[in-house]
> 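Below is the structure I would like to discuss, written out as structure tokens.
The figures that follow rest on heavy atoms only: side chains count, while hydrogens, waters and symmetry mates do not. Worth saying up front: this structure is predicted, and the values here are computed from it rather than measured.
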Amino acid sequence: MPYVVTAEDDDTAANSLTPHTVPLIYHVHKLAMLLRGAERTSEAIELAMERVMGGFSARAAVISLTDGDRLHVADAAGCSREFLGEADGALLRKSTPETQAVIGQRCAVYAATDRRTHGRLAEQALDEACVWVVLPLLAGGRSVGALSMAFEHRHQDVVARQPTLTALATVLAQAVERTHLHEARHALVEKLQQALLPRMLPQPAGVVSTGRYACATSGIEMGGDWYDLLILPSGGVAMVIGDVEGHNPDAAVVMGQLDSAVRAYANEGHDPGVVLERANDLLIGLDTDLFATCCCVWLDPDTGVAQIASAGHPLPLVHTGEGMMPPPDDLRIGMPLGIDPEARYEVTELTCNPDTIFACFTDGLIRTGSETVSERLAAVVAGDVDIESLGDQIMSDFKRRQAEHADDAALLLVRYEGPSSEAQRTVRQLKIHRRDLQGAQRTRRRLREWLELWHLSDMADEQELLVSEVVTNGLVHGDSDVYVVVRRYPDRVRTEVRDSDPHRAVPVTVPRKEDEAEGGRGLMIVSALASAWGNSPSGRGKTVWFELPVPA
């Protein structure tokens, strides 16, 4: 441990730096250096707690942060469960050492005999041997929380440490304020980015689709990645994925304009090449100095014929039952959009067999500096899993390899199940409006009709129970329209319920207070009765699905 000596040689200097205070100053300085690199509040809290308990030799410590009119415990060490239960969520109007420090913005030292700090320590025998120091976390003239520490020192020794402890609290408060601001901006960017993504992807007969999007975890700028799935006037399906240069609001605005333009041009009945040419003209006309890449795939579910055109974008991975399909020899990738007004985009056709999977992605998903990433993605696509689980697996693999990624990543997965004329007999869909009080009942009635049509009435009771739970969960907690898709396979019936809440549904054994008496337990029932189930965020919403085997 370094010992700092000033150049001054007088009694004042000698008294200001003692062998006891110098190590503390060192730890404050060290913490300040470490906190400069913290991007999340939880990271800043963890660093401060390590320094308090180790460098300052505290017997216990609590870091509480303000949230509206309450104080919530962000981290603690050496404290009893009873104390933490009372401290977490305490109203600021309640008189406690922490709330008084926050409201009064003053430090307080509580003697070992003070009853206000008794019962706090995990080792109750130390209650009358520890002095507590409670400091406000002040940033910009306002309190963002409180730092409480217990020391096995004499009262006067702790008072002598107070200036150093105040410096520690100031360093932590500034880090909390900065990381809070960073997290708020990042959350806003992510919310705005999600608002530009499709709320739900269409599920026409013969086609199963899902999408995924991962916002950049480093930095707070908006990206320009997007994906979309459209129903064409001809009855076909249009897959669109693209990426606008840059990470700023301009890129996000251009992305929204291109997405709308591609939708409009596709709805006019043009092929992928013409759509890209018109999108290119539009981007050049906007005079934004930005370019974009885009790939369009038109799929005819009746024939299995796919048309592909790309403007500087990675080609989709196409996996058939026999393995990964290599790109056609005559498929040429054209110039990115917004560069050459004379650019033309060739269309290449390929014929797909049932169970072919298209994996469309942006380069953020594979940008790791390794050529084997595409091979790894291809290997995941080749796995024998359902389309939702496949999306989860790809994104989990991506986040595991790139915990901190500076680029957005988008993924669009489409499985071609066979001619739509055949699939129409085994696929049923229903939309329920968010304000439809009879929505769950209507779903049960329609489900029973579908099962009778498929000669599966024996499954009706279990199917009705599970679909009621999932639909009600979507209507109540998702507060959105709900789409129900039921698919009849030879060996199972698969039910998918899509809503506009992007948060993953979580099974709970104890219902929340705001729910009804049995509320919140729906997914526990699904988990117990379904042969397989899952739930996945997708675009601006999520999909909860389950499967039941067809009776032998």
> With a 3.5 Å distance limit and no angle check, can you tell me whether H182 reaches the backbone of A38 through a side-chain donor-acceptor pair?
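Checked: no pair found.
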
> What are the two closest heavy atoms between V427 and R487, and how far apart are they?
CG2-CG, 4.0 Å

> To the nearest 0.5 Å, how far apart are CG in L411 and OG1 in T210?
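Answer rounded to 0.5 Å: 8.0 Å.
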
> Would you say L276 and C294 make side-chain contact, with heavy atoms under 4.5 Å?
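They are in side-chain contact.
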
> What pairs with V297 under side chain to side chain contact (heavy atoms under 4.5 Å, CB included), at least two apart in sequence or on another chain?
M239, C295, A306, I308, P316, F358

> Is the shortest side-chain heavy-atom distance between Y345 and P272 below 4.5 Å?
no

> For a 4.5 angstrom cut-off between non-hydrogen side-chain atoms, does Y416 reach L299?
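Contact flag for Y416/L299 side chains = yes.
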
> Who pairs with T443 by side chain to side chain donor-acceptor pair (under 3.5 Å), at least two apart in sequence or on another chain?
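Listed in chain order: nothing, the list is empty.
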
> Can you see which heavy atom on G211 is nearest to which on L201, and at what distance?
N-CD1, 3.6 Å

> Specify the closest pair of heavy atoms between P341 and N280, including all atoms of both residues, with the distance to one decimal.
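The pair with the smallest heavy-atom distance is CA-ND2, 4.0 Å.
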
> Check side chain to side chain donor-acceptor pair (under 3.5 Å) between R494 and all other residues, then give those that pass, not counting sequence neighbours.
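Only D386, E496, E547 meet the side chain to side chain donor-acceptor pair (under 3.5 Å) criterion with R494.
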
> Stepwise, does the side chain to side chain contact (heavy atoms under 4.5 Å, CB included) test hold for E43 with T179?
CA-CA 9 Å; E43 183 182 354; T179 54; over 6 Å; no

> Do you know which two heavy atoms are closest between A309 and V347, and how far apart they sit?
CB-CG2, 4.3 Å

> Please table the atom pairs, donor to acceptor, closer than 3.5 Å between any side-chain atom in residues 331-340 and protein atoms at least two apart or in another chain.
residue: R332; atom: NH1; partner: E346; partner atom: OE2; Å: 3.3
residue: D340; atom: OD1; partner: E342; partner atom: N; Å: 2.9

> Please, which pairs that meet salt bridge (charged side-chain N to carboxylate O under 4.0 Å, His left out) have at least one residue in residues 258-281, sequence neighbours excluded?
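Qualifying pairs, neighbours excluded: D228-R263, E268-R278.
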
> To the nearest 0.5 Å, what is the distance between OG1 (T356) and CD (E417)?
11.0 Å

> Do you see a donor-acceptor pair shorter than 3.5 Å between the side chains of T41 and E183?
yes

> Regarding T362 and D225, is there a side-chain donor-to-acceptor distance under 3.5 Å anywhere?
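Yes, side-chain donor-acceptor contact under 3.5 Å.
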
> For side chain to side chain contact (heavy atoms under 4.5 Å, CB included), just list the numbers for W450 and L430, CA-CA rounded to whole Å, side-chain angles, deciding distance to a tenth of an Å, and then say yes or no.
CA-CA 11 Å; W450 298 338; L430 177 66; 3.9 Å; yes

> Just do the side chain to side chain contact (heavy atoms under 4.5 Å, CB included) check on L197 and Y227 with the steps written out, would you?
CA-CA 7 Å; L197 296 172; Y227 65 85; 4.0 Å; yes

> For the atom pair OH (Y265) and SG (C296), what is the distance rounded to the nearest 0.5 Å?
12.0 Å

> Can you pull out every salt bridge (charged side-chain N to carboxylate O under 4.0 Å, His left out) where at least one residue sits in residues 447-466? Sequence neighbours excluded, please.
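Non-adjacent pairs meeting salt bridge (charged side-chain N to carboxylate O under 4.0 Å, His left out): R446-E449, R448-D461, R448-E464.
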
> For a 4.5 angstrom cut-off between non-hydrogen side-chain atoms, does V240 reach L229?
no

> Excluding sequence neighbours, so at least two apart, what forms side chain to side chain contact (heavy atoms under 4.5 Å, CB included) with T288?
V254, L283, L286, L290

> Under the side chain to side chain contact (heavy atoms under 4.5 Å, CB included) rule, collect the residues that match up with D300, sequence neighbours excluded.
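If we apply the side chain to side chain contact (heavy atoms under 4.5 Å, CB included) test to D300, skipping adjacent residues, the hits are D302, T303.
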
> Ignoring hydrogens and angles, state whether a donor on the side chain of S468 or R444 is under 3.5 Å from an acceptor on the partner side chain.
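Result is yes, a qualifying pair exists.
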
> Which atom names give the shortest non-hydrogen contact between I241 and H313, and what distance separates them?
CG2-NE2, 3.6 Å

> Should R498 and T543 be marked as a side-chain hydrogen bond (donor to acceptor under 3.5 Å, both in side chains) after you check the CA-CA gap, both sets of side-chain angles, and the distance that decides it?
CA-CA 4 Å; R498 302 169 186 266; T543 299; 3.0 Å; yes

> Do the side chains of F361 and L412 get nearer than 4.5 Å, heavy atoms only?
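L412 vs F361: side chains apart.
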
> Side chain to side chain donor-acceptor pair (under 3.5 Å) with Q257: which residues, sequence neighbours excluded?
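Not a single residue meets the side chain to side chain donor-acceptor pair (under 3.5 Å) criterion with Q257.
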
> With rounding to the nearest 0.5 angstrom, report the CG to CD distance, L447 to Q463.
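Spacing of CG (L447) from CD (Q463) equals 5.5 Å.
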
> Under a 3.5 Å threshold, yes or no: a donor from one side chain and an acceptor from the other, between S209 and Q203?
yes

> Are the side chains of V484 and Q429 in contact, using a 4.5 Å heavy-atom criterion?
no

> Kindly indicate, with the supporting measurements, whether the criterion side chain to side chain contact (heavy atoms under 4.5 Å, CB included) is fulfilled by M524 and E469.
CA-CA 10 Å; M524 293 297 297; E469 295 291 347; over 6 Å; no

> Are L548 and R492 packed together at the side-chain level, in the sense that at least one heavy-atom pair is separated by less than 4.5 angstrom?
no

> Between D243 and T293 (side chain of the first, backbone of the second, donor and acceptor by atom type, cut-off under 3.5 Å), is there such a pair?
no

> Look up atom CG in L413 and atom OG in S389, then write down how far apart they are to the nearest 0.5 Å.
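If we round to the nearest 0.5 Å, L413:CG and S389:OG are 11.0 Å apart.
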
> Please enumerate all residues that pass salt bridge (charged side-chain N to carboxylate O under 4.0 Å, His left out) together with R445, with sequence neighbours excluded.
none

> Residues two or more places apart in sequence or in another chain: which of them pass side chain to side chain donor-acceptor pair (under 3.5 Å) with H72?
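Result, side chain to side chain donor-acceptor pair (under 3.5 Å) vs H72: D88.
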
> To the closest 0.5 Å, what do you measure between CD1 (I432) and CZ (R442)?
6.0 Å

> Using the test side chain to side chain contact (heavy atoms under 4.5 Å, CB included), find all partners of P204 that sit at least two apart in sequence or belong to another chain.
P202, V207, I231, V237

> For the backbone of H270 and the side chain of W298, can you confirm whether one donor and one acceptor N or O come within less than 3.5 Å of each other?
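Flag set: sc W298 to bb H270 pair under 3.5 Å.
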
> For a quick test of reading the model, state the closest non-hydrogen atom pair linking A279 to L258 and the distance between them.
O-CD2, 4.0 Å

> Would you say R212 and E388 make side-chain contact, with heavy atoms under 4.5 Å?
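The answer is yes; the side chains approach within 4.5 Å.
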
